Amino acid sequence: FLEVSGLNKEAVFLRAKSHSVAHTRQALFYLLYKYTTLSMPQIGRRYGGYDHTTVMHSIGKVLERLGQHDKETQNLVMGVKEKIELARAA
């Protein structure tokens with residue numbers, strides 16, 4: 001999934017809380033939950049050893065920013081979504 005999405009693998013596994021790293025990780029958790037059959041606990045364990053509540057919080061933050069029409073979040077989510085769809089079509 002990381003290879004297809006083009007998201008920075010290091011950003012997912014770093015425990016850093018910088019704006020860009022956190023947003024990337026949150027977007028990944030949101031997209032994994034939306035476009036795979038993985039549960040929140042599975043996502044957390046597989047992508048950095050996070051608790052399911054961290055995944056749940058991340059999904060909520062992304063949905064909140066999307067609801068506020070945050071351009072950075074919209075561009076990140078839509079860009080990754082397009083890459084996933086292109087990979088599925090190939």
Side-chain angles (χ1 to χ4, degrees):
F1 189 90
L2 288 174
E3 295 79 21
V4 172
S5 69
L7 292 174
N8 183 341
K9 185 176 182 178
E10 291 178 14
V12 176
F13 295 104
L14 285 176
R15 292 285 178 168
K17 295 185 180 182
S18 72
H19 172 80
S20 63
V21 170
H23 278 204
T24 300
R25 185 172 45 243
Q26 289 169 347
L28 172 68
F29 290 167
Y30 167 79
L31 290 162
L32 283 166
Y33 189 70
K34 184 168 181 165
Y35 292 105
T36 70
T37 59
L38 296 173
S39 67
M40 288 183 197
Q42 289 171 322
I43 292 167
R45 281 193 303 269
R46 189 175 293 183
Y47 293 92
Y50 293 94
D51 187 75
H52 77 280
T53 58
T54 302
V55 177
M56 186 169 49
H57 174 77
S58 297
I59 292 167
K61 291 303 262 183
V62 171
L63 289 171
E64 178 183 316
R65 288 194 301 269
L66 289 172
Q68 295 171 347
H69 305 290
D70 179 78
K71 291 294 180 196
E72 179 184 350
T73 303
Q74 289 175 339
N75 290 340
L76 178 60
V77 169
M78 291 306 295
V80 173
K81 181 181 173 187
E82 289 172 6
K83 289 178 184 179
I84 292 168
E85 289 171 354
L86 286 172
R88 283 183 176 171

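Please read all numbers here as calculations on a predicted model, not as lab measurements. Residue numbers run from 1 in the order of the sequence given.
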message: Assigning hydrophobic clusters by single linkage (Ile, Leu, Val, Met, Phe, Trp, Tyr; side-chain heavy-atom cutoff under 4.5 Å), is L31 placed with L63?
response: yes
message: Measuring from atom CZ of R65 to atom CD of Q74, what distance do you get when rounded to the nearest 0.5 angstrom?
response: 11.5 Å
- prompt: Looking at M40 and V55, what are the two nearest heavy atoms and their distance?
  reply: O-CG2, 3.6 Å
task: State, with a plain yes or no, whether a side-chain heavy atom of R46 is found less than 4.5 Å away from one of L32.
output: no
statement: Output for pair (D51 CG, R45 CZ), nearest 0.5 Å, gives 10.0 Å
- prompt: Quick one: do M78 and V62 end up in the same hydrophobic cluster if we chain Ile, Leu, Val, Met, Phe, Trp and Tyr together by side-chain heavy atoms under 4.5 Å apart?
  reply: no
query: How long is the span from the NE2 atom in H23 to the CG atom in D70, to the nearest 0.5 Å?
result: 7.0 Å
message: Is there a side-chain contact between K81 and Y35 in this structure, where contact means two heavy atoms from C-beta onward sitting under 4.5 Å apart?
response: yes
- prompt: Given H57 and T54, is the side chain to side chain contact (heavy atoms under 4.5 Å, CB included) satisfied, shown in steps?
  reply: CA-CA 5 Å; H57 174 77; T54 302; 5.7 Å; no
- request: Drop me the distance from E64's CD to L66's CG, to the nearest 0.5 angstrom.
  value: 10.0 Å
task: Let me see the working for T36 and Q42 under side chain to side chain contact (heavy atoms under 4.5 Å, CB included), right down to the final yes or no.
output: CA-CA 11 Å; T36 70; Q42 289 171 322; over 6 Å; no
Closest non-hydrogen atom pair, Y50 against F29: CD1-CZ, 3.6 Å
message: Do T53 and M56 make a side-chain contact, defined as non-hydrogen atoms from C-beta onward lying under 4.5 Å apart?
response: yes
- prompt: How many angstroms lie between NZ in K34 and CD1 in I59, if you round to the nearest 0.5 Å?
  reply: 11.0 Å
- prompt: Mind checking whether Q26 and Y30 have side chains closer than 4.5 Å, heavy atoms only?
  reply: no
